[in-house]
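Contents: one structure, followed by commentary.
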Number of protein chains: 2
Amino acid sequence: MKVSTKGRYGLSAMIDIAVHHGNTKCTSLKSIANRQGISENYLEQIVAPLKKAGFIKSIRGSYGGYTLNKNANEIYIGEILRVLEGTMYPVECLDGSGNCYCGDSNCDLCVTKSIWNKIYKSLSDIIDTITLQDLVDDYNKINNINN
Amino acid sequence: MKVSTKGRYGLSAMIDIAVHHGNTKCTSLKSIANRQGISENYLEQIVAPLKKAGFIKSIRGSYGGYTLNKNANEIYIGEILRVLEGTMYPVECLDGSGNCYCGDSNCDLCVTKSIWNKIYKSLSDIIDTITLQDLVDDYNKINNINN
DNA sequence: TTAATTCCTAGTAGTTTAGTCGGATTTCAT
DNA sequence: ATGAAATCCGACTAAACTACTAGGAATTAA
């Protein structure tokens, strides 16, 4: 029941890119990796699917990097997490609509599925309502108060 | 972000034991494993920490098995899941009270922690309010209607 | 006495995680 | 034109974790 580093680093990277999106410049992986204290090589692999999913676009060559490809308020963190972590269902045998397709004949005992569904619903309520912009706002708020 | 088989099998086993708790007999791992279609040997290892945690007690020897050691309405499924799955925090760097002890100097970007906290809170709201008895009731309800 | 059960420990194949590494390609600035 | 800085791409890998299997000792009801 843990979010992997892939999801955590990826979300942080998206926030980083979004925060720097105001100024026209793009953000390099090196600078992100330095700020977050993580491996640049690894970050490369995390950022690739986020680009493929259309959240960010890249600018190659010197002084290149990444910028947002959509407005931050159009990107829900659930979308980001699903790209990096998979379906976000707490168990495999969910289809998102409360059904179970585990195929067990004795699925009487599948009363547990009501739990997994509740968990997924409440999770979605969070990750599918918070946008990247919300996190950028949080970030700016924290920084204005502290500095 | 998945519950492992350990957590799933363990919870199902607890329901199984609780359902059969009405009659004074205890429930053997073999019968649970058969009903659930899982490995008895593996179940052995799952049930051990549940016993150690005081949720169930064992009766050794022939015609032995397991019975509840507490009332089903005194056992929250969050307790069961935590024994089998760990803290249930979506990320390691939470302490349950909204604080982050990741120790990063640049924890400005830890705006993500508000998300992990929200996720944990809504998860707790579910698993720490549903008791084993609730699931037994669900089970009985389903079986009365269907059969 | 025997069969059925819990108890205990060790091993293990496969998958996932969290990276590292090397090199090709592109582009800005000088 | 050249070099430095960046993205891009694919392969590799150590360590941990998952989901078991296996074997045998101890216990107890019939």
Side-chain angles (χ1 to χ4, degrees), chain A residues 1-13 16-17 20 24-53 55-67 69 81 84-87 90-93 102, chain B residues 1-13 16-17 20 24-34 36-53 55-69 81 84-87 90-93 102:
Chain A
M1 254 331 231
K2 290 265 182 290
V3 176
S4 71
T5 56
K6 221 168 159 187
R8 288 189 285 119
Y9 292 176
L11 184 56
S12 290
D16 201 320
I17 293 168
H20 292 88
T24 44
K25 282 182 191 174
C26 57
T27 315
S28 71
L29 288 189
K30 191 176 214 168
S31 69
I32 297 174
N34 283 343
R35 268 189 295 274
Q36 319 267 345
I38 59 182
S39 151
E40 185 186 345
N41 283 321
Y42 187 31
L43 196 54
E44 232 176 64
Q45 290 170 37
I46 293 170
V47 145
L50 294 172
K51 184 192 168 189
K52 200 176 164 197
F55 302 138
I56 51 178
K57 64 187 167 195
S58 64
I59 296 154
R60 299 188 67 172
S62 192
Y63 290 81
Y66 293 86
T67 40
N69 194 36
L81 289 177
L84 298 170
E85 297 276 320
T87 66
V91 297
E92 217 63 63
C93 82
C102 59
Chain B
M1 257 326 234
K2 291 265 181 290
V3 176
S4 71
T5 55
K6 221 169 158 187
R8 288 189 285 117
Y9 293 176
L11 184 55
S12 290
D16 201 320
I17 293 168
H20 292 87
T24 44
K25 281 182 189 173
C26 57
T27 315
S28 72
L29 288 190
K30 192 176 213 168
S31 69
I32 297 175
N34 283 343
Q36 318 268 346
I38 60 182
S39 150
E40 184 186 345
N41 282 322
Y42 188 30
L43 196 54
E44 230 175 66
Q45 290 171 36
I46 293 171
V47 144
L50 294 173
K51 183 191 168 189
K52 200 176 164 197
F55 301 138
I56 51 178
K57 64 185 168 198
S58 63
I59 295 153
R60 298 187 69 171
S62 192
Y63 290 81
Y66 292 87
T67 40
L68 289 187
N69 194 35
L81 289 177
L84 298 170
E85 297 276 319
T87 66
V91 297
E92 217 64 63
C93 82
C102 60

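These numbers were taken from a predicted model, which means no experiment stands behind them.
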Using atom [atom1] of [X] as one end and atom [atom2] of [N] as the other, report the distance to the nearest whole Å.
X	N	atom1	atom2	result
B:Glu92	C:dA18	CD	P	11 Å
B:Glu40	C:dA4	CD	P	12 Å
B:Ile56	C:dC7	CD1	P	9 Å
A:Lys30	D:dA4	NZ	P	12 Å
A:Ile32	D:dA6	CD1	C1'	12 Å
A:Lys2	D:dA16	NZ	C1'	15 Å

- Message: Is it the case that D:dT18 (base atoms only) and B:Gln45 (side chain only) share a donor and an acceptor within less than 3.5 Å, ignoring hydrogens and angles?
- Response: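 Flag unset: no donor-acceptor pair detected.
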[X] side chain, from C-beta outward: closest of [options]:
X	options	answer
B:Glu44	D:dG23, C:dG19, D:dT21	D:dG23
A:Tyr42	C:dA18, C:dT6, D:dT7	C:dA18
B:Ser28	D:dC8, C:dT5, D:dC20	C:dT5

Are the side chains of [Y] and [X] in contact, using a 4.5 Å heavy-atom criterion?
X	Y	result
B:Lys30	B:Asn34	yes
B:Lys25	B:His20	no
A:Cys26	A:Tyr66	no

- Single hit among A:Ile46, A:Ile32, A:Leu84 for side-chain contact (heavy atoms from CB on, under 4.5 Å) with A:Tyr9: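 It is A:Ile46; the other options fail the test.
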- Task: Would you mind telling me which of A:Thr67, A:Thr27, A:Val47 makes a side-chain contact (heavy atoms from CB on, under 4.5 Å) with A:Ile56?
- Result: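 It is A:Val47, the one option of A:Thr67, A:Thr27, A:Val47 that forms the side-chain contact (heavy atoms from CB on, under 4.5 Å) with A:Ile56.
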- Can you tell me if B:Glu85 uses its side chain to pair, donor with acceptor, with the backbone of B:Ser4 under 3.5 Å?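 Yes, because the side chain of B:Glu85 sits within donor-acceptor range (under 3.5 Å) of the backbone of B:Ser4.
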Would you tabulate the pairs of protein nitrogen or oxygen atoms and nucleotide nitrogen or oxygen atoms of nucleotides 28-30 of chain C closer than 3.5 angstrom?
residue : atom : partner : partner atom : Å
C:dC28  : O4'  : A:Ser62 : O            : 3.4

- Indicate whether OP1 or OP2 belonging to D:dC8 is found under 4.0 Å from a side-chain N or O atom of A:Ser58.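 For D:dC8, OP1/OP2 do have a side-chain N/O of A:Ser58 under 4.0 Å.
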- Task: For A:Asn41 and for A:Thr5, locate the closest nucleotide of DNA chain C by heavy-atom distance; then report the residue assigned to the nucleotide nearer the 5' terminus.
- Result: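 Nearer the 5' end of the strand: A:Thr5.
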- Task: Looking at every strand, decide which applies to B:Lys51 at a 4.0 Å heavy-atom threshold: base, sugar-phosphate, or nothing.
- Result: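 Answer is sugar-phosphate: B:Lys51 comes under 4.0 Å of backbone atoms only.
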